[in-house]
Amino acid sequence: MTTRQRFRGAGGMSKMNATLNVIENFARQLQDRSPATQATESFFILLINFVSFAGNLLLGIAVIRNPNLRSTVPNMYIITLAVADFLMSLLGIPFSAASLIVGKWPFSNFVCQLQGFWILLMCAVSLETLAVTAVNRYVLVARSRALYQKIFTLKKTKITIAILWILALFAPLPYVVFGHEFFFHTGKVFCAHDFESLNQGYGAYLVLVYVAIPLMIIITCYTKVFIAVRKHNLHFQRNQRRRQMDQLSDSGLSVEEVNITYILFAVVIGFLTCWTPVLVIDMVDFINADWKLKRQVYVSYTCFGFSSTSLNPVIYGIMNRSIRAEYFRIFTSLKNFFVMQKM
């Protein structure tokens, strides 16, 4: 089925033709790129794909090798994000990378539907997980340890994560259930939902349920968390002579838990850094009621979004001592293996 056939009947003829003209213009620009532009765009998305795949695979191996890394609630959220990012590097990014390399969508319509569905699902999982992580930090830091231990047991956390994945399915499902098909957006170089579905309320549903609400939770919780952490640090500094006695604040917050909070906050900052340009561009498109920006802007849009999947293994490796140590053990094992192969 062609792009023109997919759009037919979804809106007024003049509007449909205008939208198709934009998509077809992007398609010509994609095919007519200079060799330098083609090489640059392909290099960056392949780099993003490699770092995302290798980094999240490394993190997964570290968790499998060291049971202690999956024995805490915060690490369960880290694992969930790593799984979502790894799956994106398998079933999301490679298809866009191939499209940038060859200058068109080289796969079947089924693969396009798979990619479009998968990207929405993984993005929903990531934002929901970050929101629940923010609530986790808020309860521990700004409320009480007793309440935290009651709510955030390992069993309840696993159940919560399973529920998050189920809820995330309702990001792409309504689009498919109501008969819409994803199409290859020649500017963004991935399979996306059509513009008419956004105007029919689906866009508002996605933004409210899977973007606005999680972001409000994240911002509210971390604001209160860092007010509490600041009070804890000031209290700690005023009582340096009694360091051993004051390792815990009034809420039972340990130095290690403060460090974990900073790590998770760094993950949120990295995610928002990548996704803020995406949200801004989407907002501009929604106001313009069409895709009126330059193709290069939409390629950057895609690279920013995909880049978020590659940040977390790096952040954990830098800031989490246990994961960093496991990384080194894995690299040492690989080095020894290759040395043995050469002998």
Side-chain angles (χ1 to χ4, degrees), residues 2-4 6-7 10-49 51-52 88 92-107 112 115-116 118-120 123 175 180-199 202-204 206-207 211 270-311:
T2 65
T3 301
R4 187 171 292 275
R6 290 193 193 103
F7 275 99
M13 186 62 66
S14 61
K15 176 61 180 175
M16 182 189 75
N17 288 335
T19 301
L20 283 170
N21 288 337
V22 170
I23 294 301
E24 290 169 357
N25 184 45
F26 285 149
R28 286 191 295 271
Q29 293 177 21
L30 182 62
Q31 292 178 343
D32 296 339
R33 292 169 298 166
S34 68
T37 300
Q38 183 179 13
T40 301
E41 292 176 351
S42 301
F43 169 77
F44 276 109
I45 200 163
L46 285 172
L47 178 63
I48 291 167
N49 200 173
V51 174
S52 177
M88 182 74 91
I93 307 176
F95 303 128
S96 293
S99 300
L100 276 175
I101 291 171
V102 303
K104 63 180 181 179
W105 179 256
F107 306 103
C112 186
Q115 189 199 36
W118 205 255
I119 287 175
L120 280 178
C123 289
Y175 185 84
H180 293 281
E181 283 195 4
F182 297 100
F183 79 103
F184 179 60
H185 192 299
T186 50
K188 297 178 179 179
V189 289
F190 67 82
C191 292
H193 35 67
D194 59 62
F195 211 93
E196 284 71 17
S197 67
L198 302 183
N199 293 332
Y202 178 66
L206 280 182
V207 170
V211 179
F271 189 89
L272 293 180
T273 299
C274 291
W275 281 92
T276 297
V278 172
L279 296 175
V280 170
I281 293 170
D282 277 340
M283 186 61 66
V284 171
D285 287 342
F286 189 77
I287 294 172
N288 288 333
D290 210 339
W291 297 294
K292 295 181 178 179
L293 301 176
K294 293 183 178 181
R295 189 193 71 86
Q296 291 83 356
V297 173
Y298 291 117
V299 173
S300 299
Y301 166 108
T302 300
C303 287
F304 271 114
F306 285 156
S307 292
S308 67
T309 66
S310 64
L311 294 180

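What's counted below: heavy atoms across the whole structure, side chains too, no hydrogens, waters or symmetry copies. These numbers come from a predicted model, not from an experiment.
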| Among side-chain atoms of S96 and Q115, is any donor-acceptor pair under 3.5 angstrom? | yes

| field | Worked check of ring pair (Phe, Tyr, Trp, His ring centres under 6.0 Å) between F182 and Y175 | value | CA-CA 9 Å; F182 297 100; Y175 185 84; 4.6 Å; yes

| said: What's the separation between atom CD in Q29 and atom NZ in K294, rounded to the nearest 0.5 Å? | reply: 10.0 Å

| task | Run the numbers on L293 and D285 for side chain to side chain contact (heavy atoms under 4.5 Å, CB included), then give the verdict. | result | CA-CA 8 Å; L293 301 176; D285 287 342; 4.1 Å; yes

| Going through the distances and angles, do L30 and L100 end up as a side chain to side chain contact (heavy atoms under 4.5 Å, CB included)? | CA-CA 8 Å; L30 182 62; L100 276 175; 4.1 Å; yes

| So, S52 side chain and N49 main chain: donor-acceptor pair closer than 3.5 Å or not? | no

| field | Stepwise side chain to side chain contact (heavy atoms under 4.5 Å, CB included) check, W105 with V189 | value | CA-CA 8 Å; W105 179 256; V189 289; over 6 Å; no

| said: If you count every heavy atom of other residues, nucleotides or ligands that lies below 6.0 Å from F44 atom CZ, does the total exceed 12? | reply: no

| note | To the nearest 0.5 Å, atom CZ of F26 lies from atom CG of N21 at 11.5 Å

| query | Under 3.5 Å, side chain of S42 to main-chain N/O of A39, donor-acceptor pair present? | reply | no

| Just checking, is any N or O donor in the side chain of Y202 or D194 under 3.5 Å from an acceptor N or O on the other one? | no

| field | From CA spacing to verdict: side chain to side chain contact (heavy atoms under 4.5 Å, CB included), C112, E181 | value | CA-CA 9 Å; C112 186; E181 283 195 4; over 6 Å; no

| request: Measure the OG-CZ distance between S99 and F107 for me, rounded to the nearest 0.5 Å. | output: 6.0 Å

| task | Answer yes or no: is there a donor N or O on one side and an acceptor on the other, between the side chain of S310 and the main chain of I48, under 3.5 Å? | result | no

| query | Would a distance-only check, ignoring hydrogens and angles, find a side-chain to backbone donor-acceptor pair under 3.5 Å from Q38 to R33? | reply | no

| note | Heavy-atom nearest pair, P277 first then C274, reads CD-O, 3.4 Å

| request: Output the distance between atom NZ (K188) and atom CD1 (I281), rounded to the nearest 0.5 Å. | output: 8.5 Å

| remark: Between the CD1 atom in I101 and the CG atom in L46, the distance rounded to the nearest 0.5 Å is 4.5 Å

| request: Output yes when a side-chain donor or acceptor of T276 lies under 3.5 Å from a complementary backbone atom of T273, and no otherwise. | output: no

| message | Could you check whether any side-chain N or O of T186 sits under 3.5 Å from a backbone N or O of I23, counting only pairs where one atom can act as donor and the other as acceptor? | response | yes

| request: Give me the ring orientation class for H185 and Y298: parallel if the planes are under 30° apart, tilted from 30 to 60°, perpendicular past 60°. | output: tilted

| task | Using a 4.5 Å cut-off on heavy atoms from C-beta on, say whether the side chain of D282 contacts that of Y301. | result | yes

| How long is the span from the SG atom in C123 to the CE atom in M88, to the nearest 0.5 Å? | 4.0 Å

